[in-house]
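Okay, so here's the structure we're looking at.
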Amino acid sequence: MIELEGTKVRDTPVNLSDCLVQDGRPDRVEGRHVNMPIELGSTMVFDTLAEFERARDARYESGTLYYGRYGNAATYKLETMLAKLEGAEAVTLTSSGVAAVSTTLMALTRPGAHLLVADNVYGNTRAFCDGLLTQQGVEVEYFDPMIGAGIAELIRETTAAIMFESPGSGTFEMPDIRAIAGAAQKADVATVLDNTWGTPVFSQPLAWGVDIVVYSGSKYISGHSDCMLGITASNAAYAKVIRKTVMQIGDKTGGQEILLALRGLRTLKLRLDHIDRAGREMANWFATQSQVKTVLHPALPSCPGHENWARDFTGAAGLFGVIFHTTNESAVRAFVDALHHFGIGVSWGGFESLVLPVTPVRTATGWSEPGQLVRFNIGLEDLESLKADLLAALPLLDP
Ligand SMILES: Cc1ncc(COP(=O)(O)O)c(C=O)c1O
């Protein structure tokens, strides 16, 4: 068993910058490297049967060295560091953000359970809820992401959990996280928040009353589009059941991914401080262009839930939506294809700018905004280059 420090719910404020530099590193021995080594391995061996049995019996506990699938020293360093950043009882890593969402929802539901899901969740979360969870006999009900405290009226005897995002994927409505978490707590229902956009740099959802926060670590946490990773950070009530579910399913994070995430974390605050400013500058710039109808960026008043963002978050990610006046599909395709500095791709939060047209899928609330929604991810390029690139292509969207 490795000694773990800092996994308890945060009682003293964590110095974010210090933690990002100092945690998740080799233990204090002389002549140590600055970084953890890549740990590769399956079998771990023990000198006595008694030691082996102790490890086997504690295999679902973070810090236990038993077998590669359960984690090694580097896994636990990263989990402990993330738990500290998040103010969580514990973090369990998974092989992707999708795996973090699906294992968490599996851990919380049973056949016959009712699951409330925000209508603007990430497409693969919706696919998992409508697919495997529904097949397993879970009743999935979508709700208006801006429902706030009104969620209380949807909670039933059988409601096991509420799944939502900050902000919604593609459409960027920022929910009233505190109101939803408060109503759920009163009814003893678990809340799961996908806070991939918010990151622990800008937000502390567990302190706001959320039970479980999930991340795609493939985005800002690793930050270089070279890593697939999922993170589940939970309070004391849910830490064990989530870890056990992930372990029983056999999900596993690779040794290289652990190191890439630790490396990405070192610059997380620096990158996000820049991206916060750059994203807002670009969002405000878009709002002045004649082809643009609305900008959906939580830091701008034009975005639904802006007041929730302003109350709770200390900054904004570089991912936002722009609704263009045009509905001419071939013009939108020509515009996207004409951009040189924006790659066309799904996974955001790296160093590179991206563009992607989005067609929201809604079943509870509908999506009635006329115009074409396009999602932009602002990376670390020169903003003048990005603007020049866009200025050259925007006339393709003129009537
Ligand atoms: C909000 C959100 N959650 C989860 C995921 C899934 O993460 P991953 O790609 O690491 O499986 C994504 C990926 O785009 C996402 O945008």
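On a predicted model such as this, the values are computed, not experimentally measured, just so you know. Whatever order the structure lists them in is the order used to number ligands and atoms, beginning at 1.
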Per-atom contacts, ligand 1 versus Ser169 - under 4.0 Å to a heavy atom: 1 (C)
Residue pairs involving residues 367-380 (criterion salt bridge (charged side-chain N to carboxylate O under 4.0 Å, His left out); sequence neighbours excluded): Lys293-Glu369
Backbone or side-chain N or O of Glu165 under 3.5 Å from ligand 1 N or O: no
Per-atom contacts of ligand 1 with Asp194, taking only distances under 4.0 Å to non-hydrogen atoms: 1 (C), 2 (C), 3 (N), 4 (C)
Ser218 neighbourhood, listing ligand 1 atoms whose heavy-atom distance to it stays under 4.0 Å: 8 (P), 10 (O)
Just distance, no hydrogens or angles: give the donor-acceptor pairs under 3.5 Å from side chains in residues 242-255, sequence neighbours left out.
residue, atom, partner, partner atom, Å
Arg243, NE, Tyr60, O, 3.2
Arg243, NH1, Glu79, OE1, 3.2
Arg243, NH1, Val91, O, 3.4
Arg243, NH1, Thr92, OG1, 3.1
Arg243, NH2, Glu79, OE1, 3.2
Thr245, OG1, Val241, O, 2.7
Asp251, OD1, Ser95, OG, 2.7
Asp251, OD2, Ser95, N, 2.6
Asp251, OD2, Ser95, OG, 3.3
Thr253, OG1, Thr94, O, 3.2

Short N or O distance, Met228 and ligand 1, threshold 3.5 Å exclusive: no
Shortest non-hydrogen separation from Val117 to Cys129 and the atoms involved: CG2-SG, 3.9 Å
Over 12 foreign heavy atoms within 6.0 Å of CD, Glu51: yes
Region of Val98 engaging ligand 1 - heavy atom pairs below 4.0 Å: both
Side chain, backbone, both or neither: Trp348 near ligand 1, heavy atoms under 4.0 Å: side chain
Verdict with reasoning, Asp130 to Tyr142, per side chain to side chain donor-acceptor pair (under 3.5 Å): CA-CA 10 Å; Asp130 292 347; Tyr142 291 95; 2.7 Å; yes
Which residue and heavy atom of the protein sit nearest atom 5 (C) of ligand 1, plus the separation: Tyr122 CE2, 3.3 Å
Pair Tyr220 + Trp197: ring centers closer than 6.0 Å: no
Smallest separation among heavy atoms of Leu296 and Thr171, with atom names: CD1-O, 3.7 Å
Interfacing atoms of ligand 1 (cut-off 4.0 Å, heavy-atom, Lys219): 7 (O), 8 (P), 9 (O), 12 (C), 13 (C), 14 (O), 16 (O)
